[in-house]
Peer 1: 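Before I ask anything, let me first share the structure, which is written out below as structure tokens.
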Amino acid sequence: QELPETVLLKFFRPENTPVPARPTPEQLSNLIKTSLHYPESFNHSFHQKSLCLVPVTLLLSNCSQAAVDVMIDLRHKPTSSEALEIHGSFTWLGQTQYKLQLKGQEVYSLQLKACFVHTGVYNLGTPRVFAKLVDQVTLFETSQQNSMPALIIINNI
């Protein structure tokens, strides 16, 4: 019985193989898209209950194909006195920092509670979101682009 002829395999590699480029700072600051979902206005009887609690949903969308480590910090307060004059101050209730990992293209919904003690117009757009690619070895996550102000009107009834 005759053995089949052995054929040598040759592997070809193009000479100019592209090296994966490091993402630019702009790309890194657009890994996660955030949006806040909340009522435009909220009616509350401050005479019956001094604290007004409003449910807010923070939607996080991973815009990349890669897994991303995300850190959310709710402790950020507007520093300019002008922002406080216009929008007053409010507090996020509960946990103030979250760390999570989003798979490529994953959308994650985080339930938050905003607490108000006065009527007025407030900017809910204070959460700061930081992200980095999971396989990226960096000490700091990149701050994500902040969206437009998220204004809510608190009314007394």
Side-chain angles (χ1 to χ4, degrees), residues 18-157:
V19 176
R22 283 182 57 91
T24 64
E26 187 181 343
Q27 288 171 322
L28 288 175
S29 67
N30 287 297
L31 290 173
I32 300 294
K33 182 176 171 249
T34 60
S35 61
L36 286 167
H37 298 268
Y38 57 93
E40 272 182 37
S41 65
F42 196 84
N43 296 326
H44 178 79
S45 174
F46 284 96
H47 303 297
Q48 290 180 354
K49 215 173 172 188
S50 60
L51 296 180
C52 171
L53 303 181
V54 178
V56 177
T57 302
L58 175 61
L59 213 56
L60 303 154
S61 306
N62 183 352
C63 298
S64 76
Q65 299 293 334
V68 175
D69 284 326
V70 183
M71 201 272 283
I72 300 121
D73 188 356
L74 300 178
R75 299 169 302 169
H76 179 64
K77 292 283 179 236
T79 48
S80 74
S81 57
E82 180 187 312
L84 286 173
E85 283 169 30
I86 297 170
H87 308 299
S89 187
F90 73 97
T91 304
W92 291 107
L93 282 193
Q95 194 173 330
T96 58
Q97 284 189 309
Y98 296 85
K99 284 185 186 251
L100 41 113
Q101 193 174 94
L102 297 182
K103 294 185 208 87
Q105 303 291 305
E106 184 179 355
V107 177
Y108 185 82
S109 176
L110 189 61
Q111 302 305 314
L112 306 172
K113 278 214 184 317
C115 177
F116 305 90
V117 292
H118 300 292
T119 60
V121 178
Y122 296 87
N123 179 12
L124 295 176
T126 61
R128 291 196 315 190
V129 177
F130 302 90
K132 73 176 186 67
L133 296 171
V134 168
D135 56 8
Q136 192 180 28
V137 184
T138 53
L139 292 174
F140 304 104
E141 288 97 345
T142 305
S143 181
Q144 299 302 288
Q145 294 286 332
N146 208 344
S147 53
M148 300 295 286
L151 301 181
I152 184 172
I153 301 166
I154 303 297
N155 299 307
N156 191 20
I157 52 169

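Worth saying up front: this structure is predicted, and the values here are computed from it rather than measured. Residue numbers start at 1 and run along the sequence shown. No hydrogens, no waters, no symmetry mates; every other heavy atom, side chains included, goes into these values.
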Peer 1: So Leu58 and Tyr98, do their side chains get closer than 4.5 Å, heavy atoms only?
Peer 2: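 Side-chain contact under 4.5 Å: no.
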Peer 1: Within the side chain of Asn156, is there an N or O that forms a donor-acceptor pair under 3.5 Å with the backbone of Phe46?
Peer 2: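 Yes.
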Peer 1: Is it the case that the side chain of Tyr122 and the backbone of Ala150 share a donor-acceptor pair, with hydrogens and angles ignored and the cut-off at 3.5 Å?
Peer 2: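 Checking the backbone N and O of Ala150 against the side chain of Tyr122, no donor-acceptor pair under 3.5 Å is found.
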Peer 1: Can you tell me how far CD1 of Ile157 sits from OG of Ser45, rounded to the nearest 0.5 angstrom?
Peer 2: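 With rounding to 0.5 Å, OG (Ser45) is 5.5 Å from CD1 (Ile157).
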Peer 1: Do Leu74 and Thr126 pass the side chain to side chain contact (heavy atoms under 4.5 Å, CB included) test, and can you show the C-alpha distance, the side-chain angles, and the key distance before you say yes or no?
Peer 2: CA-CA 7 Å; Leu74 300 178; Thr126 61; 6.0 Å; no
Peer 1: Is it true that Asp69 and Gln101 share a donor-acceptor pair across their side chains at a distance under 3.5 Å?
Peer 2: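 Yes.
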Peer 1: Can you tell me how far the CG atom of Leu100 sits from the CD atom of Glu106, to the nearest 0.5 Å?
Peer 2: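 Leu100 CG to Glu106 CD: 8.5 Å, rounded to 0.5 Å.
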Peer 1: To the nearest 0.5 Å, tell me how far Ile72 CD1 sits from Thr96 OG1.
Peer 2: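 Rounded to the nearest 0.5 Å, the CD1-OG1 separation comes to 11.5 Å.
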Peer 1: Taking Thr91 for the side chain and Leu93 for the main chain, is one N or O donor matched with an acceptor at less than 3.5 Å?
Peer 2: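 No; judged by distance alone, with no hydrogens or angles, the pair does not exist.
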Peer 1: Of all heavy-atom pairs between Pro55 and Pro39, which one has the smallest distance, and what is that distance?
Peer 2: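 Between these two residues, the closest heavy atoms are O-CD, 4.0 Å.
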Peer 1: Any side-chain heavy-atom pair from Phe130 and Val70 closer than 4.5 angstrom?
Peer 2: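 With C-beta onward as the side chain, the pair stays apart.
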Peer 1: So, taking the atom named NZ in Lys113 and the one named CG in Leu51, what distance separates them when rounded to the nearest 0.5 Å?
Peer 2: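 Spacing of NZ (Lys113) from CG (Leu51) equals 12.5 Å.
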Peer 1: To the nearest 0.5 angstrom, please state how far the CZ atom of Phe116 sits from the OG atom of Ser89.
Peer 2: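 Interatomic distance, Phe116 CZ to Ser89 OG, rounded to 0.5 Å: 10.0 Å.
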Peer 1: Taking side chain as C-beta onward, heavy atoms only, is Leu102 less than 4.5 Å from Leu31?
Peer 2: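 No, their side chains stay 4.5 Å or more apart.
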Peer 1: Does a side-chain heavy-atom distance below 4.5 Å link Leu59 with Val107?
Peer 2: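 In contact.
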Peer 1: Using a cut-off of 6.0 Å, state whether more than 12 heavy atoms not belonging to His37 lie near its atom NE2.
Peer 2: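 Count over threshold, so yes.
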Peer 1: Taking the side chain as C-beta and beyond, is there a heavy-atom pair between Thr57 and Leu110 under 4.5 Å?
Peer 2: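 They are not in contact (no side-chain heavy atoms under 4.5 Å apart), so the answer is no.
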Peer 1: Could you tell me whether the side chain of Leu124 reaches within less than 4.5 Å of the side chain of Trp92, counting heavy atoms only?
Peer 2: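 In contact.
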Peer 1: What verdict does the side chain to side chain contact (heavy atoms under 4.5 Å, CB included) test give for Ser41 and Asn155, after you've listed the backbone C-alpha separation in whole Å, the side-chain angles of each residue and the deciding distance to 0.1 Å?
Peer 2: CA-CA 7 Å; Ser41 65; Asn155 299 307; 3.9 Å; yes
Peer 1: What distance separates Met71 CE from Lys132 NZ, expressed to the nearest 0.5 Å?
Peer 2: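 Separation between the atoms: 12.0 Å.
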Peer 1: Evaluate the side-chain proximity of Cys63 to Asn30: yes if any heavy-atom separation is below 4.5 Å, no if none is.
Peer 2: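 No, too far: nothing below the 4.5 Å cut-off.
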Peer 1: Provide the closest heavy-atom pair for Phe90 versus Cys115 in the form atom of the first, atom of the second, distance.
Peer 2: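 Closest heavy-atom pair between Phe90 and Cys115: CB-O, 3.4 Å.
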Peer 1: Got Val121 and Ile152 here, is their nearest side-chain heavy-atom distance under 4.5 Å?
Peer 2: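 Result no, sub-4.5 Å side-chain heavy-atom pair not found.
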Peer 1: Between Phe42 and His44, does the ring centre distance come in under 6.0 Å?
Peer 2: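 No, they do not, as the ring centres are separated by 6.0 Å or more.
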Peer 1: Check whether more than 12 heavy atoms from other residues, nucleotides or ligands sit under 6.0 Å from atom CD of Gln111, and answer yes or no.
Peer 2: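 Yes, enclosed.
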Peer 1: Taking Ile32's backbone N and O only, do any of them form a donor-acceptor pair with Asn62's side chain (distance below 3.5 Å, no angle check)?
Peer 2: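 It does not hold such a pair.
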Peer 1: Search all heavy atoms of Val68 against all heavy atoms of Ser64 and return the closest pair with its distance.
Peer 2: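 Taking every non-hydrogen atom into account, CG2-OG, 3.6 Å.
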Peer 1: Under 6.0 Å from the CD atom of Glu40, do we count more than 12 heavy atoms belonging to anything else shown?
Peer 2: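 Atom CD in Glu40 is not crowded, with 12 or fewer foreign heavy atoms closer than 6.0 Å.
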